[in-house]
Amino acid sequence: MAGDSDATAPERPAPLVDGEAGAAGKGGIANLAAFGGPPAFSEPLHVGRPNVGDRNRLLGRINDLLDRKWLTNNGAYVQELERKIEDFVGVKHCVAMCNATIALEIASRAAGLTGEVIVPSFTFIATAHCLQWQEITPVFCDVDSRTHNLDPARVEQLITPRTTGIIGVHVWGRPCDTDALEDIARRRGLKLLFDAAHAFGCSHQGRMIGGFGDAEVFSFHATKFFNTFEGGAVVTDDDELAAKMRLMKNFGFAGYDNVIYIGTNGKMTEVAAAMGLTGLEDLHQFVAVNRANYEEYRRQLAGLPGVSWICYDETEKCNYQYVVLEVDEEVTHIGRDDILNILIAENVLARRYFYPGCHRMEPYRSYFPHAGLLLPETERLTKRVLVLPTGTAVGPDEIRQICQIIRFAVSRGAEVRLRLAEQSKALFPII
Ligand SMILES: *Cc1c(COP(=O)(O)O)cnc(C)c1O
């Protein structure tokens with residue numbers, strides 16, 4: 001067996017710098033960390049390492065807010081951040097909040113959603129939870145295999161007399177088919193919200209994302225393109241909706257001792273806004289790093305059979321925050337999960353997204369055990385998609401090494417897969 005002598009190879013040869021020929025020639029798959037070789041990276045490389053703006057300007061703002069002793073409750077930094085985001089996105093209202101999940105709950109409640117709301121299952125769980133938390137039923141709709149976003153034709157088929165709205169998700173920051181969804185919402189009398197958690201800084205049809213539908217929700221979580229540690233915002237052109245959300249995020253207080261509405265606590269803190277104001281000044285740098293990484297990955301993996309790419313529309317503004325592969329197992333002879341295991345062993349902490357799909361998580365999988373039957377594209381994507389580390393954690397050298405590992409694993413697909421299977425059998429003999 002080709003691998004036998006490899007197992008005793010004293011050290012990792014040069015495969016990760018010399019390419020697949022070097023790897024195959026100098027010892028082969030036994031030198032992969034999954035099979036006992038030393039990992040390619042001593043420190044783990046993460047997906048979604050935080051983008052942090054200029055530290056001195058951030059610390060200056062933090063000193064300032066400590067001097068002013070105004071830490072939260074619609075402080076000066078929160079107001080400044082809201083005005084700057086309104087200008088940046090081109091909307092009338094930005095309501096900053098403590099995170100996007102609360103922002104989604106508040107936006108959907110303020111928009112009057114009840115009964116059933118159509119959402120993708122191929123999204124982060126918060127898109128569904130924000131509804132179920134309020135006892136609104138998320139009705140999972142399949143996505144378009146090409147865009148990874150809601151398939152408008154299927155949305156229309158899921159509308160019932162109980163449907164009150166649609167929440168589209170701009171997955172990877174790539175826009176939903178807003179024209180088709182707005183048309184459906186208008187014709188059928190539904191509210192249309194967008195979960196734009198991935199899409200801050202991205203445009204669609206020459207307009208910034210944030211201005212579509214009745215309202216859009218951004219996440220400013222640490223792992224997102226632009227962060228405020230934790231945070232989020234709803235943006236809208238609807239005056240009434242904005243006024244309601246401002247009340248709702250502050251317990252319904254309309255003034256001292258005057259509660260006029262049911263509310264919760266969704267406020268953003270001053271220190272979060274200080275982080276946001278600082279990050280906003282450096283957005284172009286975050287994009288430049290992400291874009292260079294995205295292009296390097298594409299160059300390094302070009303032409304690899306069975307591995308396809310999520311491409312960004314370069315005629316629009318993109319934040320390039322996600323480097324996304326789709327692995328077609330029929331062609332590669334190695335599964336997405338096999339590649340993932342190989343990478344993790346090398347300390348490349350790639351991630352499956354949005355695995356296994358909201359409909360396969362609780363409580364939804366108990367409520368709708370057969371939902372998958374109506375979600376063939378979602379089921380397919382959750383088995384194929386792999387998201388690779390990017391941001392400031394990696395540069396061209398790391399990317400070259402990561403891609404060489406992937407190329408090597410794919411070039412020896414059948415062999416790698418067999419060996420992984422044997423190994424897991426040895427580790428878990430009962431299964
Ligand atoms: C991150 C994310 C959220 C939740 O955002 P938080 O600010 O962490 O609450 C919601 N939807 C999507 C698609 C996300 O990626």
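First listed ligand is number 1; within each ligand, the first listed atom is number 1. Below, all heavy atoms of this structure are taken into account, side chains as well, without hydrogens, waters or symmetry copies. Here the structure is a predicted model, which is why all the values come from computation and not from measurement. Residue numbers start at 1 and run along the sequence shown.
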Charged N to carboxylate O below 4.0 Å: is that the case for E329 and R384?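 No, no charged N to carboxylate O under 4.0 Å.
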- request: Using a strict cut-off of less than 4.0 Å between a Lys/Arg side-chain nitrogen and an Asp/Glu carboxylate oxygen, indicate whether R188 and E156 qualify as a salt bridge.
  value: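 Result for this pair is yes, salt bridge flagged.
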Residues 364-390 vs ring pair (Phe, Tyr, Trp, His ring centres under 6.0 Å), sequence neighbours excluded, gives H129-Y364, F140-Y364
Tabulating one pair per line, provide the atom names and distances (0.1 Å) for every N/O atom of ligand 1 that is less than 3.5 Å from a protein N/O atom.
| residue | atom | partner | partner atom | Å |
| --- | --- | --- | --- | --- |
| ligand 1 | 5 (O) | S219 | OG | 3.2 |
| ligand 1 | 7 (O) | A100 | N | 2.9 |
| ligand 1 | 7 (O) | S219 | OG | 2.7 |
| ligand 1 | 9 (O) | A100 | N | 3.3 |
| ligand 1 | 9 (O) | T101 | N | 3.0 |
| ligand 1 | 9 (O) | T101 | OG1 | 2.6 |
| ligand 1 | 11 (N) | D195 | OD1 | 3.4 |
| ligand 1 | 11 (N) | D195 | OD2 | 2.7 |
| ligand 1 | 15 (O) | H198 | NE2 | 3.0 |
| ligand 1 | 15 (O) | K224 | NZ | 3.3 |

Any side-chain donor-acceptor pair under 3.5 Å between E105 and T101?
no
- request: Could I get the full list of side chain to side chain contact (heavy atoms under 4.5 Å, CB included) partners for D195, not counting sequence neighbours?
  value: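 Expected list: L104, T123, T127, I167, V169, A197.
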Scan the side chains in residues 249-266 for donor-acceptor partners under 3.5 Å anywhere in the protein, sequence neighbours excluded, and list what turns up.
| residue | atom | partner | partner atom | Å |
| --- | --- | --- | --- | --- |
| N265 | OD1 | K267 | N | 3.3 |
| N265 | OD1 | K267 | NZ | 3.2 |

